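Bear in mind that the values here come from a model prediction, so they are computed numbers and not experimental data. A note on names: the letters A, B, ... follow the listed sequences, proteins ahead of strands, and every chain is numbered from 1.
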There are 2 protein chains.
Amino acid sequence: MFSSIKRFLIGRPLKSNALGEQKLNKTKALAILSSDALSSVAYGPEQILIVLITVSAAAFWYSIPIAVGVLILLTALILSYRQIIFAYPHGGGAYVVSKENLGINPGLIAGGSLLVDYILTVAVSVSAGTDAITSAFPSLHAYNVGIAIVFVVFITILNLRGVTESASVLAYPVYLFVLALFILIGVGLYNIVTGEASPDLHTPIGTPIAGISLFILLRAFASGSSALTGVEAISNAIPNFKDPAPNNAAKTLAAMGALLALLFTGIVYLAYYYGITPRAEVTVVSQIAEETFGRNFMYFFVQGTTALILILAANTGYSAFPLLAVNLATDKFIPRMFTVRGDRLGYSNGIIILGLSSIVLIVAFKGHTEQLIPLYAVGVFIPFTLSQTGMMMKWIREKPKGWISKLIINSTGALISFTVTIVFFLTKFAQVWPVLVFLPIIIYVFHRNRNHYEAVGNQLRINASEPASPIEGNVIVIPVSGMTHVVENSLNYAKSLSAARIIAVHVAFEREDEKKFEEKWKQWQPDIRLVTLHSHYRSIIQPLTKFVDIVEHKASESNYRVTVVIPQFIPKKGWHNFLHNQSSFLIRAFLLHRRSVVVTTVPYHLKK
Amino acid sequence: MFSSIKRFLIGRPLKSNALGEQKLNKTKALAILSSDALSSVAYGPEQILIVLITVSAAAFWYSIPIAVGVLILLTALILSYRQIIFAYPHGGGAYVVSKENLGINPGLIAGGSLLVDYILTVAVSVSAGTDAITSAFPSLHAYNVGIAIVFVVFITILNLRGVTESASVLAYPVYLFVLALFILIGVGLYNIVTGEASPDLHTPIGTPIAGISLFILLRAFASGSSALTGVEAISNAIPNFKDPAPNNAAKTLAAMGALLALLFTGIVYLAYYYGITPRAEVTVVSQIAEETFGRNFMYFFVQGTTALILILAANTGYSAFPLLAVNLATDKFIPRMFTVRGDRLGYSNGIIILGLSSIVLIVAFKGHTEQLIPLYAVGVFIPFTLSQTGMMMKWIREKPKGWISKLIINSTGALISFTVTIVFFLTKFAQVWPVLVFLPIIIYVFHRNRNHYEAVGNQLRINASEPASPIEGNVIVIPVSGMTHVVENSLNYAKSLSAARIIAVHVAFEREDEKKFEEKWKQWQPDIRLVTLHSHYRSIIQPLTKFVDIVEHKASESNYRVTVVIPQFIPKKGWHNFLHNQSSFLIRAFLLHRRSVVVTTVPYHLKK
């Protein structure tokens, strides 16, 4: 039942050698890996205006120089990530780059913040997209959390089906969004050029504004650079590209950078020219669209594709999180299960954990995850800074041909990213401080996991000095509850293991039962020794483990091994288990985890 | 950790022979077993008035003759249950009486409805008590469900601690409630006699009322008899009494009947004399108290003890449910686990299931369980009718000395109970129909369980004809994941079981790994045969079970038994398990339930 539902949802299992077919071409990769970055255009420009309005609407002209700053940062990031792609063609992004060039702990800081960040990406973008939809249909507003969860489940299932399949489904909305914004910007500029839009709506650039300060400008810049979250996704996902992977990834990155720059500039400029003021109920993009088209079909086209891409931005997290988890798990910092490929060759454990964690976040914040945006942005810029610094170190150490220009590119990237990080901490500390709590905890856990894995590895390795203790013989203990076929079956099995001493143990609750049982036993199995134990507290496990302890103690003196053979009947149907107090499950779990005895279960299958 | 919390909450385990000390004397028994019946006084009279008000307030005088009817019913019930107590001194009440005298299915109808009814008792009475409290402190109203759950958990823990301990705690509120009502009735009557209360508030008895019908009167009578729910509790709980149990139980029953009759009559009479009209926000008892005392200390004393006893009425369910469950489980109609005594000698499984089920009901109905009251009342009167009819049959069949008078008593009881049941179905069908759906389902499940237990019993019984298949020898299959101490340990164990053929099986995901592994193995364990299996779909279990199937097929031809020896390392700390993909758990579960192979786990305990 369960497995056929699974088949239906995620498709039949794929053979391991089908891995090549699951790789992405550039068009699909652009759609799947840039939805996060491109969707930021829907809120990045607005973030700048929200900061500037605290001074006055006249200060809006500053959005133009701030946008130029963001574009410079974008260029620096794209150029430096291009270099990372070629230097680290196996992917891994900030974690690998920082770890190899700066050391383990900087690597873990980068990896840890990205891991958390992808969860935030999914939660934040799905909630934002759901908000966009329920704003259009207010009657759905009460079901925000439920709708967001349905979307997360849907995207999770798509990703469990495999990378290419999800790419095919997700490519359309991304390209439609890009198309919609291009039409919007094109028509907007045409209106400006033809003079249809009034030129009096905005303050000219350079107008002096009272009350503007460097702090405000930096804050606006930091807010605006939240539009750049997601540009690292491609460098993490190189293994998902078709060969030659690095070249294809670099081209996709360039295309994404160009699209992002065009859309961002266009939106900022139109917002400035139309003199648009951010409002709580209507987004800036929606205002521009209304200004440009009025409330016609194009307006709803822009709104609809925006909502869709916000939801799909979550998909970037789904591409990057599992790959990062594989890297961390290979290095033994997180559980090994993240390295296992599922039925459809995706790293399903990573995908499922990501989906579940973001659902937890959505539920915990009741869908109001916008409070998490600054946290999420700072969680991106910390690894940006670390990976750029790592690349600087690499060039300085290796000094390849043309290293000076490469160094300059990465140094610029590192410097700007670092500045943005600091600005975030200075201007939005109240929202950003949890990073300082969670990162140390995560890194501590990473190290503990690694230590554990290494300790286990050392203990298991066969060339360790201690030789295995010899086994001279076996003692078999069989707990018996009555004289039944189940017990008989186990006794016969024990007898067939020749050279073993067999002791049957019966736990009795009443003195009378004890004697009766012993007498009956003598008639039934005269050649097998029976020990009866009395239980004062109606527990079978306590007297039994005590007895096993004693037997084991004696046995170990002469290098004998103790095996507890548990007779167990297996009912025909699963629900029947509920009708039987299968003490055997408990006994087995208890003995295995506390004592070093071998536990053997002899099943007796019921026929009805 | 878990066990020390358990110790703290329910106390240290008691030895089985301490059972006698856990028995109840009459004073405690009255408190613990009659809280349900006595608490009905808080709402029973009100139920009568609620029906009469549908005609007119002038019809209130009919409450007096209706109360007389209820008193007659009460007397009949008390007398007949007294006879049941002596006839069935081992308890069991309606279930045992109906089963023995009317047959299995009537017994199951009685038992099934009581089982469900006790769950309803707990849910309904705790919700009602919580309502009473939050009516006094409206700011708590939003937390109704939470508070009710806390009360259920508290009562559950008390009962897990044991019967006597809970009796000691619960006796005070019950006696305080009785005291409060006696003072209320006493002062009220005094006021009437001294003429302080105006005699003009009520219509004289016998005033003709237009619109009154037999239907209305029967409906009012049925509603009023909901005050009699709980009178059967004592007859179910005879085993909890100190010796001589039947005598003590009979005396307690008589005392309860007398108290119930006095309180019920008093409240009905005062309500009639004061001309009190039922209101949604204020209960009838509360109106009487206000009329009698004004809003002084005594008023709050009456209100407080009423709230307490409503909550404690749940405790009657806790006394009766587990004992009834033991009876049903002994007869194999419900899972055997209900017959097991817990650490404190109570039937803890019954107590816990009762607590959980009523929490589910409270949550499902969001605390508004008053809709369940008619269901709950009819669920009491069905077993009342059946047990009285059963007693009639008994007297007719056995004809003991003085059987005629006994027969008359039980016949009266049966007739009135049957009438009340019919009246419930006629006048409140909309609320009562679920009984007709659930009872058949419950009885069907009862029979299925019994059939299953009997089928299992027949299959296990040793004198069945088929002889156990002989075991000529053993084949041991060891799944090996690598060349580690864990595997070495298991191999040594397998070797020590002489006369066994050993096959090591390795599942490889990559062709290259396969060859490498085979070569290494030859060097490491040249004398143990290794089979490598290739897994296309990255699953270990599938190829392994296939292989085991083949081995088993061959082995069974020559009466050999297959044992799968699973090497398993046990980490030092529980949380470490999360870091390892312990396929061994899955393999074991899968093999045990699908195939008839023996599964042996050889633990290797890690030291750090």
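Residues H485(B) and Q459(A) share a closest heavy-atom pair of CD2-O, 3.1 Å. Taking both residues in full, the closest heavy atoms of S496(B) and I471(A) are given as CB-CG2, 3.5 Å, listed atom of the first, atom of the second, then distance. Here the shortest heavy-atom pairing between R588(B) and R588(A) reads NE-NE, 4.0 Å. Minimum heavy-atom separation, N489(B) to R561(A): OD1-NH1, 3.6 Å.
Evaluated for a side-chain contact (heavy atoms from CB on, under 4.5 Å) with T600(A), the options V598(B), V602(B), V565(B) yield exactly one hit, V598(B).
Separation of atoms CD1 (I566(A)) and OG1 (T601(B)) is listed at 9.0 Å; rounding is to 0.5 Å. From N474(A), atom CG reaches atom CG of L497(B) across 5.0 Å, with rounding to the nearest 0.5 Å. Expressed to the nearest 0.5 Å, how far CG of L460(A) lies from CD of E488(B) amounts to 11.0 Å.
Within a 6.0 Å radius of CD in Q542(B), no more than 12 heavy atoms belonging to other residues, nucleotides or ligands are found.
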